[in-house]
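Following: one structure in structure tokens, then a few remarks.
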Amino acid sequence: MAVRLCDVASLLRSGSWAAEPWTGQVIAAMETQLSNGPTCNNTAHGSTAINNCSSPVDSGHTEDSKTNLIVNYLPQNMTQEELKSLFGSIGEIESCKLVRDKITGQSLGYGFVNYVDPKDAEKAINTLNGLRLQTKTIKVSYARPSSASIRDANLYVSGLPKTMTQKELEQLFSQYGRIITSRILVDQVTGVSRGVGFIRFDKRIEAEEAIKGLNGQKPPGATEPITVKFANNPSQKNNQAILSQLYHSPNRRYPAPLAQQAQRFRTKSACSLRECIKFQKLCFGHPSFRLDNLLNMAYGVKSRFPPMTIDGMTSLAGINIPGHAGTGWCIFVYNLAPDADESILWQMFGPFGAVTNVKVIRDFNTNKCKGFGFVTMTNYDEAAMAIASLNGYRLGDRVLQVSFKTNKTHKA
DNA sequence: TAGAATT
């Protein structure tokens with residue numbers, strides 16, 4: 001049975017699923033960065049799930065800083081290879097590293113990209129800072145030269161007046177040194193400040209001075225004193241939780257060293273599964289609400305890989321074998337403009353889920369886009385949702401055709 | 001009263 005994915009998209013938009021906020025939110029996120037470019041402004045977002053991002057750090061004039069970038073607020077399941085793929089679309093990379101927890105192997109959500117050419121590093125900041133990937137807004141900035149003096153310079157501040165803005169918070173702390181990032185946590189539903197936040201200074205010693213000067217003090221106009229202390233390290237907290245869980249697990253049969261048992265958590269699948277469930281709950285409010293289930297409900301399609309027809313283009317969803325050597329699900333994007341580049345594909349598909357690779361097909365002589373490209377996504381459901389939402393999407397004066405790649409088309 | 005910012 002042929003199923004038109006554009007009908008599914010309509011169903012998603014107009015049916016009872018329209019009440020589900022996720023699809024609309026993702027499209028809105030995508031459209032924001034399509035219209036404004038990924039570089040975000042510094043206004044606070046209405047949800048703690050979305051990161052604020054400050055302006056890229058101008059870290060000075062050392063040779064190192066002109067090519068070496070730090071990338072923050074990466075999605076938890078993003079791999080080093082995906083990081084390299086994303087930044088490699090800008091220019092040649094000298095080295096790339098995703099920082100992982102030494103014990104659990106989990107991503108710490110940041111990494112480093114060192115370009116060969118300083119111009120590419122600058123371009124990466126201009127192009128990719130503020131890019132939305134899944135629920136994160138990544139930050140791309142020059143890495144400061146690594147030293148002990150810049151470590152452990154993050155402060156946790158509580159008891160803040162609920163009316164205090166991020167700018168006011170920065171004004172309060174800036175007297176003690178150079179602020180790298182600031183954040184006020186807000187209620188996810190109401191957007192109202194929770195009265196707590198973080199200030200990261202350039203130097204540890206600046207943070208120490210801020211504690212001495214501001215802990216227990218009342219900010220101007222405030223009725224209650226604030227508490228200022230060094231922030232806990234989230235990775236340490238997680239490790240403790242995981243190790244504790246391992247130690248108390250009923251499946252634990254041998255008193256093996258905890259670190260050895262923690263090896264079980266090194267596998268990507270363990271992280272991905274948890275992320276996947278979290279993602280599905282976030283998307284649909286219920287883990288059984290998958291796109292293939294929706295197809296089943298809408299069309300009586302029983303197969304997980306139903307044949308689909310999209311705007312007259314025949315496409316078989318099942319030809320990309322899941323788990324096939326990490327290739328994921330390859331998506332064909334047709335009717336791109338001649339000046340389209342990889343960043344637009346990242347901007348469009350990134351918010352829908354884990355994207356491992358994008359590629360714009362160019363004419364060998366002119367280097368202009370030949371009108372199509374490919375996107376590889378890890379998870380079937382995320383890929384299917386991206387297709388359902390983006391097929392028929394108007395990009396500039398062009399209507400895109402988006403489908404799973406068939407064998408007839410170019411091999412990515 | 002809790003974010004994955006220095007490899």
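Lettering follows sequence order; numbering is per chain, from 1.
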To the nearest Å, give me how far apart [atom1] ([X]) and [atom2] ([N]) are.
{"X": "A:Tyr115", "N": "B:dT7", "atom1": "OH", "atom2": "P", "value": "20 Å"}
{"X": "A:Tyr156", "N": "B:dA2", "atom1": "OH", "atom2": "P", "value": "5 Å"}
{"X": "A:Tyr73", "N": "B:dA5", "atom1": "OH", "atom2": "P", "value": "5 Å"}
{"X": "A:Gln134", "N": "B:dA4", "atom1": "CD", "atom2": "C1'", "value": "15 Å"}
{"X": "A:Leu108", "N": "B:dA2", "atom1": "CG", "atom2": "P", "value": "21 Å"}
{"X": "A:Leu98", "N": "B:dA4", "atom1": "CG", "atom2": "P", "value": "15 Å"}
{"X": "A:Asn233", "N": "B:dT7", "atom1": "CG", "atom2": "P", "value": "12 Å"}
{"X": "A:Phe112", "N": "B:dA4", "atom1": "CZ", "atom2": "P", "value": "16 Å"}

Position toward the 5' end of DNA chain B (nearest nucleotide), A:Asp152 or A:Ser158
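In this pair, the answer is A:Ser158.
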Set of ring pair (Phe, Tyr, Trp, His ring centres under 6.0 Å) partners for A:Tyr176, sequence neighbours left out
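In terms of ring pair (Phe, Tyr, Trp, His ring centres under 6.0 Å), with neighbours along the sequence ignored, A:Tyr176 is linked to no residue.
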_Just N and O in the side chain of A:Lys97: are any of them under 4.0 Å from OP1 or OP2 of B:dT6?_
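Checking B:dT6 against A:Lys97, no side-chain N or O comes under 4.0 Å of OP1 or OP2.
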**OP:** Would you tell me if any nitrogen or oxygen in the side chain of A:Ser146 comes within less than 4.0 Å of OP1 or OP2 on B:dT7?
**Re:**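 Checking A:Ser146 against B:dT7: at least one side-chain N or O falls below 4.0 Å of OP1 or OP2.
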So A:Thr227, base contact, sugar-phosphate only, or nothing? Heavy-atom distance under 4.0 Å.
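Answer is nothing: A:Thr227 stays at 4.0 Å or more from every strand.
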- Message: Using a heavy-atom cut-off of 4.0 Å across all strands, would you classify A:Ala231 as base, sugar-phosphate, or nothing?
- Response: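 Counting heavy atoms under 4.0 Å across all strands, the contact made by A:Ala231 includes a base.
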Counting only side-chain heavy atoms from C-beta out, which of B:dA5, B:dA4, B:dA2 sits nearest to A:Tyr110?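 Within the option list, the nearest is B:dA5.
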Give the nucleotide from the list B:dT1, B:dA2, B:dT7 with an atom nearest to the side chain of A:Val99.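 Of all the options, the side chain of A:Val99 is nearest to B:dT7.
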Check your understanding: Relative to the ring of A:Tyr380, is the ring of A:Phe404 parallel (under 30°), tilted (30 to 60°) or perpendicular (over 60°)?
Key ->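 A:Phe404 vs A:Tyr380 ring planes: parallel.
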Quiz prompt | Under 3.5 Å donor-acceptor pair, A:Arg151 side-chain atoms to B:dT6 base atoms | solution =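 Such a pair does not exist between side chain and base.
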Next item on the list: Look at the side chain of A:Asn68 against the base of B:dT7 and say whether a donor-acceptor pair falls under 3.5 Å; ignore hydrogens and angles.
Entry: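 Check passes, donor-acceptor contact within cut-off.
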Subject >> NZ/NE/NH1/NH2 to OD/OE distance under 4.0 Å, A:Arg204 and A:Glu208 >> reply: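 Answer for the salt bridge query: yes.
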May I ask you to decide whether A:Lys167 forms a salt bridge with A:Glu170, counting only side-chain N to carboxylate O separations under 4.0 Å?
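No.
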- Are the side chain of A:Glu224 and the backbone of A:Gly159 linked by a donor-acceptor contact shorter than 3.5 Å?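 The answer is no, because no donor-acceptor pair under 3.5 Å joins these two groups.
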Taking salt bridge (charged side-chain N to carboxylate O under 4.0 Å, His left out) as the cut-off, I'd like each qualifying pair that reaches into residues 340-350 of chain A, sequence neighbours left out, listed once.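 Every pair satisfying salt bridge (charged side-chain N to carboxylate O under 4.0 Å, His left out) with a residue in residues 340-350 of chain A: A:Glu342-A:Arg362.
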**Asked** Listed in order of residue number, which residues of residues 196-221 of chain A have a non-hydrogen atom at under 4.0 Å from DNA chain B?
**Response**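 A:Val196, A:Phe198, A:Arg200 - these, ordered by number, are the residues of the stretch whose heavy atoms sit under 4.0 Å from the strand.
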Only one of A:Ile138, A:Val358, A:Leu74 passes side-chain contact (heavy atoms from CB on, under 4.5 Å) with A:Leu86; say which it is.
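Only one of A:Ile138, A:Val358, A:Leu74 forms a side-chain contact (heavy atoms from CB on, under 4.5 Å) with A:Leu86, namely A:Ile138.
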